[in-house]
Amino acid sequence: MRQVARQARAEGRSTGFVPTMGALHAGHLSLVRAARAESQQVIASIFVNPTQFAPNEDFQKYPRTFEADSKELEDAGVDYLFAPEPAEMYPQGFRTWVNVEGLSERLDGRSRPGHFRAVATVVLKLLEIVQPQRAFFGRKDTQQARIIRQMARDLHLDSEIVVCPIIREPDGLAMSSRNAYLNPKERRAATILFRALDGARISIARGERDALRLTAAMRDMISTEPLAELDFAELVDAETLEAVTRLRGVCLALLAVRIGTTRLVDNLLIEEREGEFQTTL
Ligand code: AMP
C-alpha cells in the first residue's frame, strides 16, 4: 500500500480515499463516487477496527462480506483495496493513541467511552499509509466526521477531509451495515429515527427555534415506538458539539436509539442562512 501511495505521489496522481469497515451498502458506494469525481485514483479500505469496539459490543458479530465487497468496489471503479489484518495495524507493543479532546467525550463518546480515540487513531494510521489528497466520510456519522476534521486541522494532515450526504433507504432509514442485524419487525421500527428527525425538520420549517422543545418532541416520538430505547436526543452546535438552547448558526439534531440490541444513529443538519434555517436529513 505504501508503495502504491508513494508511486502515485511521485507521478503526481491524486488519490481519493474511502475508509470503511466493509459490509458495503449504497452509502459507502456514494463515497466512492464522490472520490472518483475528484481524484485520479481511488483507494478504499476495509478494516473492522477492533480497538473501537468495547468488550460488550459487536466486534465478533460485525457483518463481514469481503468477497461481495471487493467485487462491488471493483465494479464501482476503485483502483486499490487495502484490507490489512489487525495484527498488521496493531503490532505487538502498540501504544500510541490520538485523542481529540472535548469532542470525543460527548454524545456517542459518552455512551461509547474510548470509541472516538480508537477511530481517530485508526484513521490517522490509514491516512499515513494511503497518503490521499482527499479522504471521504459520511455525514451519517457526523460526530466522527467532526472529530476527524479537527484532527486533520490540529495535526496539519496533508489530506482534505470531505464529508458527504447521508444515503437513506426509501422509507428514510439511514443506510448502515448494522441494519443487517434488524429482524423484519425491528426494521420497520427503525424508521422511528428518521420520523423523529423529520418531525424536527417540520417544526423548524414552521418556525420553532427552541432546542428544548425540539429535543423533547423527538424523545416523545421515539417513546411511541415500543421496540425503540432512546440513548440520546440532542441539539448541539455543529462546531463545538455542545448543547444549544436555541437554534443559531450551524446546529445538529442527533439521535442514538437502540432497536432491540442494535444501536442506530442518525442526524439532521440545521443551517442558518440570512435568518432562515435550512435543514438537511
Ligand atoms: P463504516 O463502514 O460504517 O465505518 O462507514 C464507512 C464510511 O461510510 C463512514 O465515513 C460512514 O460515515 C460512511 N457511511 C456509512 N453509512 C452511510 C450512509 N448511509 N450515507 C453516507 N455515508 C455513510
Side-chain angles (χ1 to χ4, degrees), residues 16-38 42-53 57-59 61-66 68-70 72-73 76 78 81-84 86 89 107-109 112 115-116 118-127 130 132 134-152 159-182 187 190-191 193-194 197 238 252 254-257 262-269 280-281:
F17 176 46
V18 180
T20 82
M21 299 206 299
L24 300 182
H25 51 67
H28 297 113
L29 296 177
S30 76
L31 303 182
V32 169
R33 267 197 303 280
R36 270 183 48 185
E38 295 187 52
V42 176
I43 299 176
S45 66
I46 295 179
F47 182 60
V48 185
N49 178 31
T51 60
Q52 72 190 59
F53 292 79
E57 290 184 348
D58 56 343
F59 175 68
K61 73 164 187 176
Y62 196 83
R64 289 166 172 87
T65 56
F66 186 80
D69 290 349
S70 55
E72 284 201 70
L73 292 172
V78 166
L81 168 57
F82 180 50
M89 292 299 277
L107 303 164
D108 265 320
R112 307 182 70 187
H115 172 70
F116 287 119
V119 169
T121 302
V122 79
V123 170
L124 177 62
K125 287 158 68 67
L126 291 168
L127 293 173
V130 175
R134 295 191 181 85
F136 295 79
F137 297 85
R139 207 197 83 224
K140 211 269 284 175
D141 304 287
T142 189
Q143 182 174 11
Q144 168 177 292
R146 174 70 191 88
I147 286 169
I148 290 165
R149 272 204 163 150
Q150 186 71 41
M151 172 180 77
S159 303
E160 182 190 339
I161 306 301
V162 183
V163 182
C164 299
I166 303 176
I167 305 300
R168 299 178 177 281
E169 299 285 357
D171 63 5
L173 176 66
M175 289 195 179
S176 164
S177 305
R178 289 193 168 95
N179 293 349
Y181 297 148
L182 303 169
R187 172 62 188 81
T191 59
L193 285 88
F194 174 79
L197 293 170
L252 292 162
L254 293 120
L255 283 180
V257 176
T262 306
R263 190 171 178 282
L264 300 176
V265 297
D266 200 348
N267 69 88
L268 170 71
L269 175 65
T280 314
L281 270 163

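Worth saying up front: this structure is predicted, and the values here are computed from it rather than measured. Remember, it's 1-based here, ligands and their atoms both numbered in the order they're listed.
- Glu57 pairs by the side-chain hydrogen bond (donor to acceptor under 3.5 Å, both in side chains) definition with Arg112, not counting sequence neighbours.
- For CZ of Arg187, the number of neighbouring non-hydrogen atoms (other residues, nucleotides, ligands) closer than 6.0 Å is greater than 12.
- Screening Arg146, Gln143, Gln52 for a side chain to side chain contact (heavy atoms under 4.5 Å, CB included) involving Phe116 leaves a single residue, Gln143.
- Exactly one of Val78, Thr20, Leu24 qualifies for a side chain to side chain contact (heavy atoms under 4.5 Å, CB included) with Val32. That residue is Val78.
- The protein residues lying under 4.0 angstrom from ligand 1, judged by non-hydrogen atoms, are Pro19, Thr20, Met21, His25, Gly27, His28, Leu31, Tyr62, Phe137, Gly138, Lys140, Asp141, Gln144, Pro165, Ile166, Ile167, Met175.
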Q. Arg178 and Asp58: salt bridge (charged side-chain N to carboxylate O under 4.0 Å, His left out), yes or no, with the steps?
A. CA-CA 10 Å; Arg178 289 193 168 95; Asp58 56 343; 2.8 Å; yes
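- Screening Thr142, Ile148, Ile147 for a side chain to side chain contact (heavy atoms under 4.5 Å, CB included) with Gln144, the sole residue that qualifies is Ile148.
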